[in-house]
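Each chain gets a letter, A, B and so on, in the order the sequences are listed, and its residues count up from 1. Keep in mind the model is a prediction, meaning the values are calculated, not measured.
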Amino acid sequence: MARVLLFGRLADVAGWRERTIEAASLSALRTALATADPGLGEALAGPSVQAAVDKALVRGDAALTPASEVAFLPPMSGG
Amino acid sequence: MARVLLFGRLADVAGWRERTIEAASLSALRTALATADPGLGEALAGPSVQAAVDKALVRGDAALTPASEVAFLPPMSGG
Amino acid sequence: MAVVLQSQPFDPGQLLGGFCPNRRETGAVASFTGLARAEHGAALTLELEAYPGFTDAAIEAMAAGAAKRFDLQDWLIVHRTGPIAPGEAIVFVATAAGHRRAAFEACDHLMDWLKSRAPFWKKEHGPDGARWIEPTDHDRRDAARWDDPFFDTPAERAAQDD
Amino acid sequence: MAVVLQSQPFDPGQLLGGFCPNRRETGAVASFTGLARAEHGAALTLELEAYPGFTDAAIEAMAAGAAKRFDLQDWLIVHRTGPIAPGEAIVFVATAAGHRRAAFEACDHLMDWLKSRAPFWKKEHGPDGARWIEPTDHDRRDAARWDDPFFDTPAERAAQDD
């Protein structure tokens with residue numbers, strides 16, 4: 001279980017911004033998202049998309065708990 | 001005749017800021033000022049002191065009329 | 001020293017007016033205000049998305065580093081989120097220092113970082129639909145000017161580049 | 001586009017607040033506010049002398065040149081004269097441009113010029129008497145960064161210097 005947040009163009013691709021999804025790890029979550037929506041799976045796999053777990057950037061895999069918040073972040077553009 | 005204005009430390013040296021002085025040219029004015037007050041004459045002769053006649057900077061000599069305004073400007077320091 | 005993310009419009013004058021008073025040893029306050037351009041009708045609305053708790057923490061950490069690097073006495077960053085109309089302010093940065101070079105360079109540096117690396121997502125709604133805006137190569141180069149820890153200023157860095 | 005010399009105190013916030021609104025194609029407004037420092041008690045009052053009609057004309061001519069060079073959409077310069085207490089604003093410069101690099105560089109350039117070449121005379125009154133302040137070597141070097149017509153930016157000039 002994890003609260004999943006999509007930002008920027010990722011939310012447009014998926015058609016949603018926030019969902020609760022069953023997954024024990026970040027890699028399992030990516031697989032579940034790609035299975036349900038291959039277009040989103042491809043968008044998430046891009047090298048410029050970063051993942052944050054509980055508001056900290058994560059490279060590679062990470063374990064998730066039911067309280068985890070996972071955010072997928074496309075390239076940032078401030079100001 | 002000319003209206004003479006002193007700025008910055010020149011006014012401190014002379015003890016005045018504005019006077020009307022009889023002089024047909026800028027060089028004659030410098031001589032008159034130095035004769036009346038050698039300390040001021042020395043301060044005005046410094047290479048960093050500029051002269052303006054009718055609000056335009058002048059190098060060398062210039063003729064003066066009774067309506068002329070002559071300003072002596074020590075090194076400038078804005079802002 | 002504060003970061004504010006807000007969806008309500010703000011007045012840059014009011015922010016600068018609140019930032020300047022009661023400073024006895026500040027010689028220099030630099031400010032930057034980024035405004036939404038109409039792009040001659042091509043941009044109807046700008047929409048900015050932030051990740052609350054993540055975006056403000058990232059800005060705070062970056063600004064604290066810049067404050068140390070440039071020996072700032074104070075700084076303020078206010079950033080709009082949500083839909084923004086042409087002419088409205090998007091971002092306001094103010095920096096206070098003893099002397100002007102530090103205030104200018106810190107403000108410039110903070111803006112370069114905010115433009116290309118701050119966690120915001122920006123969508124431009126125009127007459128032909130909406131598009132996401134990502135940092136330009138120029139924005140990335142501007143931000144990279146400040147990366148090398150061996151060089152303190154853009155001028156020194158540029159001197160080394162050639 | 002205006003130069004104002006005034007003996008009354010001014011509020012930089014009010015000036016920026018008046019400068020920013022009603023711009024549809026301005027992406028960037030940079031501002032600089034110079035404040036009088038107390039110098040930890042060494043400076044009780046700063047006294048600034050201008051030559052009305054000459055000082056404002058020189059600033060106007062310089063700013064018009066900078067506006068052309070940096071393609072500014074607008075600018076405002078307000079400068080105090082007379083006695084100024086610590087913490088009060090001495091000078092305010094605002095520049096408006098399409099993009100931030102031009103607004104920052106123009107503001108920086110105008111301030112460098114104002115600090116070392118504008119026709120003002122500055123006296124600092126402290127507990128041990130008064131002294132005239134002239135531009136430092138550092139001020140002169142800052143202003144000289146912009147002199148060479150072959151180089152458009154301080155970075156390019158610095159790249160050439162070494």
Side-chain angles (χ1 to χ4, degrees), chain C residues 11-41 43 85-94 96 98-101 103-105 107-108 111-112 114-115 138-139 142 145 153-162, chain D residues 11-41 43 85-94 96 98-101 103-105 107-108 111-112 114-115 138-139 142 145 153-162:
Chain C
D11 172 3
Q14 205 177 340
L15 296 176
L16 185 65
F19 189 77
C20 287
N22 304 316
R23 301 188 176 281
R24 286 184 60 84
E25 298 301 340
T26 296
V29 171
S31 89
F32 182 86
T33 306
L35 301 168
R37 286 188 303 269
E39 306 287 9
H40 307 285
E88 289 184 356
I90 305 167
V91 57
F92 175 83
V93 174
H99 296 270
R100 71 186 184 285
R101 184 69 39 232
F104 266 127
E105 292 204 345
C107 193
D108 193 8
M111 273 311 304
D112 279 350
L114 285 166
K115 283 297 268 192
H138 198 281
D139 287 331
D142 281 349
R145 295 186 304 156
T153 68
E156 284 166 336
R157 186 171 162 75
Q160 184 68 15
D161 281 349
D162 268 20
Chain D
D11 172 3
Q14 204 178 339
L15 295 176
L16 185 65
F19 189 77
C20 287
N22 304 316
R23 301 188 176 280
R24 287 183 60 86
E25 299 300 340
T26 296
V29 172
S31 88
F32 182 86
T33 306
L35 301 168
R37 286 187 304 270
E39 306 287 8
H40 307 285
E88 290 184 354
I90 305 168
V91 57
F92 175 84
V93 174
H99 296 272
R100 72 186 181 287
R101 184 69 38 232
F104 266 128
E105 293 205 344
C107 194
D108 194 7
M111 272 311 304
D112 279 349
L114 285 166
K115 283 297 267 193
H138 198 282
D139 287 332
D142 281 350
R145 296 186 303 155
T153 70
E156 283 167 336
R157 185 171 163 75
Q160 183 69 15
D161 281 348
D162 268 19

Shorter than 4.5 Å, heavy atoms on both sides: which option in [options] has the most such pairs with chain C?
options	value
D:A30, D:G27, D:A28, D:P86	D:G27
D:E25, D:H40, D:R24, D:E88	D:E25
D:A38, D:C20, D:P12	D:A38
D:G17, D:G87, D:A43, D:S31	D:S31
D:P21, D:A36, D:C107	D:C107

Would you say that [X] contacts [Y] through its side chain, given a criterion of any heavy-atom pair below 4.5 Å between the two side chains?
X	Y	result
D:V29	D:F19	yes
D:R37	C:H99	yes
C:T33	D:L16	yes
C:I90	C:L35	no

Any carboxylate oxygen within less than 4.0 angstrom of a Lys/Arg side-chain nitrogen, looking at C:D108 and D:R100?
no
Salt bridge C:R101-D:D142, side-chain N to carboxylate O under 4.0 Å
yes
At a heavy-atom separation under 4.5 Å, does D:D112 approach chain C through its side chain, its backbone, both, or neither?
both
Contact origin within D:F92 toward chain C - heavy atom pairs under 4.5 Å:
side chain
